[in-house]
Each structure stands twice: as C-alpha cells, then as structure tokens.
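Start at 1 with the first residue, then count along the sequence. Given the structure is predicted, the values throughout are model-derived calculations rather than measurements.
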Amino acid sequence: MQTRRHFLTSALAAPLLARPALAQDAPLKVRELYERRGNDLSELAVASEGERITVEGFMAPPLKAESKFFVLTKMPMAVCPFCETEAEWPNDILAVYTKRIVDVIPFNKKITVSGVLELGGYRDPETGFLSMVRLSDANYG
C-alpha cells in the first residue's frame, strides 16, 4: 500500500531523476570530444565509440561537389580545414559521412549532425582526407 509520504517522495524525486536523460539528448559540442589540451580524445568520446550521437557545429565548405562527406567545425570557417597527417589533426573538427550527397549549408549557420561515432585514423579513398574522429551514417539539419 502506498502511503502519502511515499507518494510525495516519488512525485518530488521524479523530475530530478528525469534530468540526466534530458541532458543526454542535448547535442554535444565538437570540443566535448577532445581533452582540453592537446589532441587526445575525451572520456566521453571513448565511451561513445560505436554509438549514435548528436553534435552541433558549422559545416565547412565541402572539398568537392557531389560529395557524401563534409567537415563539422566548432566555429564558422570559410575554407575546409584539410589535414595531411594524424599528428596535425586539429581538435576542433569532426569528419561527417552521410548516406546521400551533401546539400551544402552556409558555413555560418549552426547545424546539428547525428551519426555513429568512429575513432582512429581513416583516410577516405575518394578524397584522401585523413580523419581521426568521424560520424558515419550521418544526417544533419
């Protein structure tokens, strides 16, 4: 039998218990995937590898037309930050691979991207772009 005290305790605690779930639904920022200093991945990134996550940022201009790939940046960039080696991978970008050809969004408009987080070096065979962190099977808007 539920007492008044049990009911009130449950009713008051319910909103507090729901908050962590709501926080998980908020889009991540690109910087949350990296440690504050250097290019090391954050604990959050490592723990989220293989999971579908949502990240907010800005679409850098694609490397080529009719691409299924773009770079998400933490700040608007008028040119794509193309990286040559793993050692030079900046900690403020995220490679994004989509199922469909990318519809370019102005570089200064914030977007959210959802995809499966992949970690580790990968060189795109079509573009030669080397990524250390990327989203695959992504959609955006």
*Asks:* Please assess V96 against V55 for the test side-chain contact (heavy atoms from CB on, under 4.5 Å), listing each intermediate value before the final yes or no.
*Replies:* CA-CA 10 Å; V96 178; V55 183; over 6 Å; no
*Asks:* Do L28 and V46 share a hydrophobic cluster (ILVMFWY, side-chain heavy atoms under 4.5 Å, transitive)?
*Replies:*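 Yes, one cluster joins them.
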*Asks:* Can you tell if the side chain of M59 reaches within under 4.5 Å of the side chain of V102, non-hydrogen atoms only?
*Replies:*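 A side-chain contact under 4.5 Å exists here.
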*Asks:* Following the transitive rule for hydrophobic clusters with a side-chain heavy-atom cut-off under 4.5 Å over Ile, Leu, Val, Met, Phe, Trp and Tyr, establish whether F58 and Y97 coincide in one cluster.
*Replies:*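 Different clusters.
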*Asks:* Check residues 107-121 and write down every donor-acceptor pair under 3.5 Å in which the side-chain atom is one partner and the other belongs to a residue at least two apart or another chain.
*Replies:*
from : atom 1 : to   : atom 2 : distance (Å)
S114 : OG     : R52  : NH1    : 3.4
E118 : OE1    : R134 : NE     : 3.1
E118 : OE2    : S136 : OG     : 2.9

*Asks:* What about I105 and V30, same hydrophobic cluster or not, with Ile/Leu/Val/Met/Phe/Trp/Tyr joined at side-chain heavy-atom distances under 4.5 Å?
*Replies:*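 Same cluster: I105 reaches V30 through Ile, Leu, Val, Met, Phe, Trp or Tyr contacts under 4.5 Å.
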*Asks:* Within the distance-only criterion (no hydrogens, no angle test), does the side chain of S48 pair as donor or acceptor with the backbone N or O of E51 below 3.5 angstrom?
*Replies:*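 No, S48 side chain to E51 backbone: no donor-acceptor pair under 3.5 Å.
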*Asks:* Using the side chain to side chain donor-acceptor pair (under 3.5 Å) criterion, which residues pair with E32? Sequence neighbours excluded.
*Replies:*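 Testing E32 for side chain to side chain donor-acceptor pair (under 3.5 Å), a comparison that skips the adjacent residues, returns none.
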*Asks:* For the side chain of Y34 and the backbone of I93, is there at least one donor-acceptor N/O pair under 3.5 Å apart?
*Replies:*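 Checking the backbone N and O of I93 against the side chain of Y34, a donor-acceptor pair under 3.5 Å is found.
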*Asks:* Do E56 and K29 come within less than 4.5 Å of each other through their side chains, counting heavy atoms only?
*Replies:*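 Yes - at least one pair of side-chain heavy atoms lies under 4.5 Å apart.
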*Asks:* Who passes side chain to side chain contact (heavy atoms under 4.5 Å, CB included) against S67, sequence neighbours left out?
*Replies:*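 Partners of S67 under the side chain to side chain contact (heavy atoms under 4.5 Å, CB included) test: K64, F69.
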*Asks:* What distance do F70 atom CZ and D103 atom CG have between them, rounded to the nearest 0.5 Å?
*Replies:*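 CG of D103 is found 10.5 Å from CZ of F70.
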*Asks:* Taking the side chain as C-beta and beyond, is there a heavy-atom pair between L135 and I53 under 4.5 Å?
*Replies:*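 They are in side-chain contact.
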